[in-house]
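Keep in mind that the numbers below use all heavy atoms, side chains included, and drop hydrogens, waters and symmetry copies. FYI, the numbering just counts along the sequence from 1.
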Amino acid sequence: SNAVYCLFSDSSGRLWVGTNNGIAVKNIGVDSFVRLQHDPDNDHSLSHNEVNQIVESDGVIWVATMRGLNKISYSSPLGADRFLIYDQTDGLADDNIKSIIAADNGQIWMGTKYGISCLQKQTERFYNFDLTNNLQSYSFNPRSILKDREGFIYFGSILGLNIIHP
């Protein structure tokens, strides 16, 4: 089955559908979808088929999965996509990314199963936050994230709401 976990429309007007079986992408004016999935024989494929959320920042698509953060460099045709994968070995708090959002300053913020991670895109360095940073919980809920007009980011956790101003 293809349970839909998230929907996203990018700056080019493409529809991205995150499912429990990868990503389906629909271009404008095309009736069919291109499927992007994990391929265990391809290190540049999607890291995991369970896709929690998709965002765009500065023309780059970022995908939150159960096994890491995926940065997509899309080309033509869409099926030739290459994913750059970030995981705990790169500094993420946890590989299971539940939510993701782009901050106004270009940072990528993620709620994970074990804390909050922030990616500084310019340096590709992660900064992590946990209970020692006064979070209410380590564990965050899927797609429970919001950025308001003032740039504050709200994370929904299993024990309440956490607010960060980057």
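- With rounding to the nearest 0.5 Å, the separation of CZ in Arg143 from SG in Cys6 is 7.0 Å.
- Shortest non-hydrogen contact noted between Ile28 and Ser12 is CD1-O, 3.2 Å.
- Judged by distance alone, with hydrogens and angles left aside, the side-chain atoms of Asn20 form a donor-acceptor pair with the main-chain N or O of Ala3 at under 3.5 Å.
- Applying the side chain to side chain donor-acceptor pair (under 3.5 Å) test to pairs two or more places apart or on separate chains, those with a residue in residues 89-102 are Asp87-Thr89.
- In terms of modelled atom types and a separation under 3.5 Å, the side chain of Gln37 and the main chain of Asn21 share a donor-acceptor contact.
- For Trp62, there are no ring pair (Phe, Tyr, Trp, His ring centres under 6.0 Å) partners, not counting sequence neighbours.
- Screening Val25, Ile61, Val60, Val55 for a side chain to side chain contact (heavy atoms under 4.5 Å, CB included) involving Asp10 leaves a single residue, Ile61.
- A search for side-chain contact (heavy atoms from CB on, under 4.5 Å) contacts involving Thr123 returns Gln120, Arg125, not counting sequence neighbours.
- Closest approach of Phe33 and Ala24 over heavy atoms only: CD2-CB, 3.7 Å.
- Closest non-hydrogen pair, Asn49 versus His38, comes out as OD1-N, 2.7 Å.
- The salt bridge (charged side-chain N to carboxylate O under 4.0 Å, His left out) check on Asp43 picks up nothing, with sequence neighbours excluded.
- The shortest heavy-atom contact between Cys118 and Phe129 is CB-CE1, 4.2 Å.
- In terms of hydrophobic clustering, with Ile, Leu, Val, Met, Phe, Trp and Tyr side chains grouped at heavy-atom distances under 4.5 Å, Leu15 and Phe8 are assigned to different clusters.
- Note that CD of Glu124 is 6.5 Å distant from CG of Leu84, once rounded to the nearest 0.5 Å.
- Put simply, the side chain of Asn105 gets close to the backbone of Gln107: a donor and an acceptor are under 3.5 Å apart.
- A donor-acceptor distance shorter than 3.5 angstrom exists from the side chain of Asn128 to the backbone of Ala93, with no hydrogens or angles considered.
- There is no path of hydrophobic side-chain contacts, each under 4.5 Å, that joins Met66 to Leu69.
- By the criterion of side-chain heavy atoms lying less than 4.5 angstrom apart, applied directly or through intervening Ile, Leu, Val, Met, Phe, Trp or Tyr residues, Val17 is not grouped with Ile54; the two fall into different hydrophobic clusters.
- No side-chain heavy atom of Pro142 sits under 4.5 Å from any side-chain heavy atom of Tyr5.
- Hydrophobic clustering of Ile, Leu, Val, Met, Phe, Trp and Tyr side chains at less than 4.5 Å, counting indirect connections, keeps Ile101 apart from Leu119.
- Scanning for side-chain contact (heavy atoms from CB on, under 4.5 Å) contacts around Arg67 gives Ser47, His48, Thr65, with sequence neighbours left out.
- Met110 and Ile145 sit in two unconnected hydrophobic clusters of ILVMFWY residues. Membership requires side-chain heavy atoms under 4.5 Å apart, directly or through other members.
- Taking the side-chain contact (heavy atoms from CB on, under 4.5 Å) definition, one finds that Ala102 meets it with Ser57, Ile108, sequence neighbours left out.
- Tyr114 forms part of a hydrophobic cluster together with Leu131, Tyr138, judged by ILVMFWY side-chain heavy-atom separations under 4.5 Å.
- Here Lys113 pairs with nothing under the salt bridge (charged side-chain N to carboxylate O under 4.0 Å, His left out) rule; sequence neighbours left out.
- With contacts defined as side-chain heavy-atom distances shorter than 4.5 Å, the pair Asn2/Arg35 qualifies.
- Note that the CG atom of Leu36 and the CD1 atom of Ile72 stand 5.5 Å from one another [nearest 0.5 Å].
- Every residue two or more places apart in sequence or in another chain that forms a side-chain contact (heavy atoms from CB on, under 4.5 Å) with Asp41 is listed here: Asp39.
- Under the salt bridge (charged side-chain N to carboxylate O under 4.0 Å, His left out) criterion, Lys71 pairs with no residue, sequence neighbours left out.
- Screening residues 130-141 for salt bridge (Lys or Arg N to Asp or Glu O under 4.0 Å) gives no qualifying pairs among residues at least two apart or on separate chains.
- Here the closest heavy-atom approach between residue Ile85 and residue Ser45 is recorded as CD1-O, 3.3 Å.
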Indicate every side-chain donor-acceptor pair of residues 154-165 with a distance under 3.5 Å to a residue at least two apart or in another chain.
residue: Tyr154; atom: OH; partner: Asp148; partner atom: OD2; Å: 2.9
residue: Ser157; atom: OG; partner: Leu159; partner atom: N; Å: 3.1
residue: Ser157; atom: OG; partner: Gly160; partner atom: N; Å: 3.2
residue: Ser157; atom: OG; partner: Gly160; partner atom: O; Å: 3.0
residue: Asn162; atom: OD1; partner: Gln136; partner atom: N; Å: 3.0
residue: His165; atom: NE2; partner: Glu150; partner atom: O; Å: 3.3

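- Contact between Val51 and Gly22 at its shortest, heavy atoms only, is CG2-O, 3.9 Å.
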